[in-house]
There are 2 protein chains.
Amino acid sequence: MITIKDIAKKVGVAPSTVSRVLANKADFYTAETVAKVKTAARELGYKKNQSAADLVKQHSNVIAAVVSSVKTNFAGEIIEEIQKKAAEYGYKLIVVYSHSADPVEQKSALMTVIERPVMGVLLLSMALSDDNLKLLEEAQTSFCFLSMGFDDDRPFISSDDLAIGYQATKYLIDKGHRRIGFAGLDRYPNTGRLRLAGYQKALAEIGVTPEDHWVQSGDYSYESGLRAMQQYGAKTDLTGVVAASDMVAIGVLNQAHLFKLSVPDDLSVIGIDGTEMCEIVQPQLTSISQDFYKMGVAGVERLRQLDLKQQVVKNKQEFVPTKLIERGSVTYAAE
Amino acid sequence: MITIKDIAKKVGVAPSTVSRVLANKADFYTAETVAKVKTAARELGYKKNQSAADLVKQHSNVIAAVVSSVKTNFAGEIIEEIQKKAAEYGYKLIVVYSHSADPVEQKSALMTVIERPVMGVLLLSMALSDDNLKLLEEAQTSFCFLSMGFDDDRPFISSDDLAIGYQATKYLIDKGHRRIGFAGLDRYPNTGRLRLAGYQKALAEIGVTPEDHWVQSGDYSYESGLRAMQQYGAKTDLTGVVAASDMVAIGVLNQAHLFKLSVPDDLSVIGIDGTEMCEIVQPQLTSISQDFYKMGVAGVERLRQLDLKQQVVKNKQEFVPTKLIERGSVTYAAE
DNA sequence: ATGAAAGCGCTAACAC
DNA sequence: GTGTTAGCGCTTTCAT
């Protein structure tokens, strides 16, 4: 491995000079030195060990994103936003994946990022176990949860999941639906519980108590949607379904299709997330869009504020607005 | 920041002892010491600086994946495989994203991983510019390209893209098609050129010369598929289309649908990749499946061999077999 | 079984 | 402008 010492020796200067030249510090050295150093670096195939630099500087410009590889597909969209915003500020982004539910794998993913110098960590749709949250809090690293809210005091930027559940359900109610299912929901993380609560609240307002089989659990995946619809059955008495994610909605759509049910005429379906998938399926999917752009940007900004120590985080818990986009999967209830 | 020194001071032992205990080195110390050290570590909220350890050990157990965020969606599948296999060997995985086409962004992504201690880097569907390839080669880091082949001597594990193009086209030909389009192709990276060559070869065998407008360029995205089909037009004389990716195929499908063309009756469409999307769309998509499982596993294995220095890489360039999965988007040509 | 000391590659005072 | 020195947090001989 080639180090600055090797360059220093070859050029006949001190390692510190090499360091300064290569770091483009203000030009406190002759053009000649610069040229010699840079040439030598190139010739030797020098590659900086940024970790060593971070070690002495006690600072890194790497943002880490820990992403739950949950079977919905919005992660890509938000990662792209984070990356773009990070690049604007000269931050790099590394991503590690974990399954939201398994604490051991969670810990491994978390450790991967907090055991090395990172400027901050963004947790994407992660429901961290208590142990792992403690780990993170003790790690002396800035962090912020994205796209998942909590009822304790940890920092997050998320959609208001209670509102989402409510809004989706209310929308179907306003279209005349009263027998409305909720499909593909993962009750374990907060997100799921809140969306369910919103659903129940909207139904309660019109005096409807959901029957047990109306709510079908799952894991936000396409398969969950398929299964939920299979449970509802071809002769379901439901006229509308709130799906826990777009992928679930598509599963419901396809299984309904297999049952020869027409969406939206026989069954209205509304998704959650507003991913690109909505426009790709037939019929196009009416969905509650989460503002992934805003979440990504706000996440990076927040880490940046902490990095700059310009200000303490205010507004630690922040909701970003959602928007219901009407497409073709919902219509008025029949009767 | 709490270091082993702090623990050492608190417990009244040397830092080296703390290091040994915490690293679970063979039990060359009393149970009492172990207990004291571990307790102190917990109490102080000690967090290891793995980078510092890597620095002295001159070794890391992190595999880095550089992923081109090209608009096809197989990356998730292969990353999952890599992660699983890596975990088996105790390696961690970090992922960085880049756009395949922009050398500056490529370089930034590449630097992010080679400037720190990594055991090896896997390049996923990345067409590295010459400059950046040189950078990588000089970095003294093991690497291997995945899911993209090359005609120089760099190491890769990929599907045989020429064969893919040929196989897809030949399949349509065997179904009686002669006027066959190729949609959504990115000619820039090798992958695209090879698939196109395979397509041309298959057509040449039956004495058909593709007309200019049969081949529609793109970037593997859904939108590319839409656009390609728009170019072909509602009254296209094509009876079959080879799509450069599943997402392109779906774009073609949907635009055909808008044109009131029935797939496969009016137009047969075959995709490439074999992603989960194939089963989700209507009609289900016949596609050439790439074996992402095998690529992920083989990539990790190869890095591991290099890491262990057990053997030099043989079989540096390796093709993994593809498989044509018949679903519902192709049928016999009409006439 | 544990301590002392050296050093990984780099940067940042502080000299000169 | 550039060299000297110290040290980031950790591991690893080599002693004892």
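To find a chain, count down the sequence lines: A is the first, B the second, and so on, and within it residues start at 1.
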Bend angle of the helix from C:dA1-D:dT16 to C:dC16-D:dG1, end axes from five pairs each (to 10°):
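About 40°, once rounded to a multiple of 10°.
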Under the side-chain contact (heavy atoms from CB on, under 4.5 Å) rule, collect the residues that match up with B:Ser159, sequence neighbours excluded.
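For B:Ser159, the residues satisfying side-chain contact (heavy atoms from CB on, under 4.5 Å) (neighbours in sequence not counted) are B:Ile164, B:Gln290, B:Met295, B:Val320, B:Thr322.
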Residues that B:Lys85 engages under side-chain contact (heavy atoms from CB on, under 4.5 Å), provided they are two or more places apart:
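Scan of B:Lys85 (side-chain contact (heavy atoms from CB on, under 4.5 Å), adjacent residues dropped) gives B:Glu88, B:Tyr89, B:Val297, B:Val300, B:Glu301.
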side-chain contact (heavy atoms from CB on, under 4.5 Å) between B:Leu123 and B:Leu128, worked out
CA-CA 9 Å; B:Leu123 297 106; B:Leu128 233 42; 3.8 Å; yes
Just jot down the ring pair (Phe, Tyr, Trp, His ring centres under 6.0 Å) partners of B:Phe292, sequence neighbours excluded, or say none.
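Testing B:Phe292 for ring pair (Phe, Tyr, Trp, His ring centres under 6.0 Å), a comparison that skips the adjacent residues, returns B:Phe74.
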Under the rule for ring pair (Phe, Tyr, Trp, His ring centres under 6.0 Å), what residues qualify as partners of A:Phe319, not counting sequence neighbours?
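For A:Phe319, the residues satisfying ring pair (Phe, Tyr, Trp, His ring centres under 6.0 Å) (neighbours in sequence not counted) are A:Phe156.
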Which donor-acceptor pairs under 3.5 Å do the side chains of residues 131-140 of chain B make with protein atoms, sequence neighbours left out?
{"residue": "B:Asn132", "atom": "ND2", "partner": "B:Pro103", "partner atom": "O", "Å": "3.1"}
{"residue": "B:Asn132", "atom": "ND2", "partner": "B:Gln106", "partner atom": "OE1", "Å": "2.9"}
{"residue": "B:Asn132", "atom": "ND2", "partner": "B:Ser129", "partner atom": "OG", "Å": "3.1"}

Are A:Val18 and A:Tyr46 close enough that some pair of their side-chain heavy atoms sits under 4.5 Å apart?
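Not touching, per the 4.5 Å side-chain cut-off.
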B:Asn61 CG - D:dC10 P separation (whole Å):
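Interatomic distance, CG of B:Asn61 to P of D:dC10: 16 Å.
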Let me know the distance between OH of B:Tyr29 and P of C:dG3, rounded to the nearest Å.
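It works out to 13 Å between those atoms.
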If you look only at distance, which donor and acceptor atoms sit under 3.5 Å apart when one is on a side chain in residues 145-155 of chain B and the other is two or more places apart or in another chain?
{"residue": "B:Asp152", "atom": "OD1", "partner": "B:Arg154", "partner atom": "N", "Å": "3.4"}
{"residue": "B:Asp152", "atom": "OD1", "partner": "B:Arg154", "partner atom": "NE", "Å": "3.0"}
{"residue": "B:Asp152", "atom": "OD2", "partner": "B:Arg154", "partner atom": "NE", "Å": "3.2"}
{"residue": "B:Asp152", "atom": "OD2", "partner": "B:Arg154", "partner atom": "NH2", "Å": "2.9"}

Per-nt protein contacts along nucleotides 6-16 of chain C (heavy atom under 4.0 Å; B base, S backbone sugar-phosphate only, - none) come out as -BBBBBBB---
Holding to side-chain hydrogen bond (donor to acceptor under 3.5 Å, both in side chains), I want the full list of residues that pass it with A:Thr17, two or more places apart in sequence or in another chain.
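Partners of A:Thr17 under the side-chain hydrogen bond (donor to acceptor under 3.5 Å, both in side chains) test: none.
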Checking the side chain of A:Glu115 only, and the main-chain atoms of B:Ser51 only, is there a donor and an acceptor separated by less than 3.5 Å?
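Checking the backbone N and O of B:Ser51 against the side chain of A:Glu115, no donor-acceptor pair under 3.5 Å is found.
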For B:Arg116, salt bridge (Lys or Arg N to Asp or Glu O under 4.0 Å) partners two or more places apart
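B:Arg116 satisfies salt bridge (Lys or Arg N to Asp or Glu O under 4.0 Å) with A:Asp54 only.
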Would you check if there is a donor-acceptor pair between the side chains of B:Ser19 and B:Ser16 at a distance under 3.5 Å?
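Their side chains do not contain a donor-acceptor pair, so the 3.5 Å distance test is not met.
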Which parts of residues 6-14 of chain B get close to DNA chain C, meaning a heavy atom less than 4.0 angstrom away?
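Those residues are B:Gly12, B:Val13, B:Ala14.
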What are the two closest heavy atoms between A:Leu44 and A:Ile2, and how far apart are they?
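Looking at all heavy atoms of both residues, the closest pair is O-CG1, 3.3 Å.
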Counting only non-hydrogen atoms, which of residues 31-44 of chain B are less than 4.0 Å from DNA chain D?
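Of all residues in residues 31-44 of chain B, none places a heavy atom under 4.0 Å from DNA chain D.
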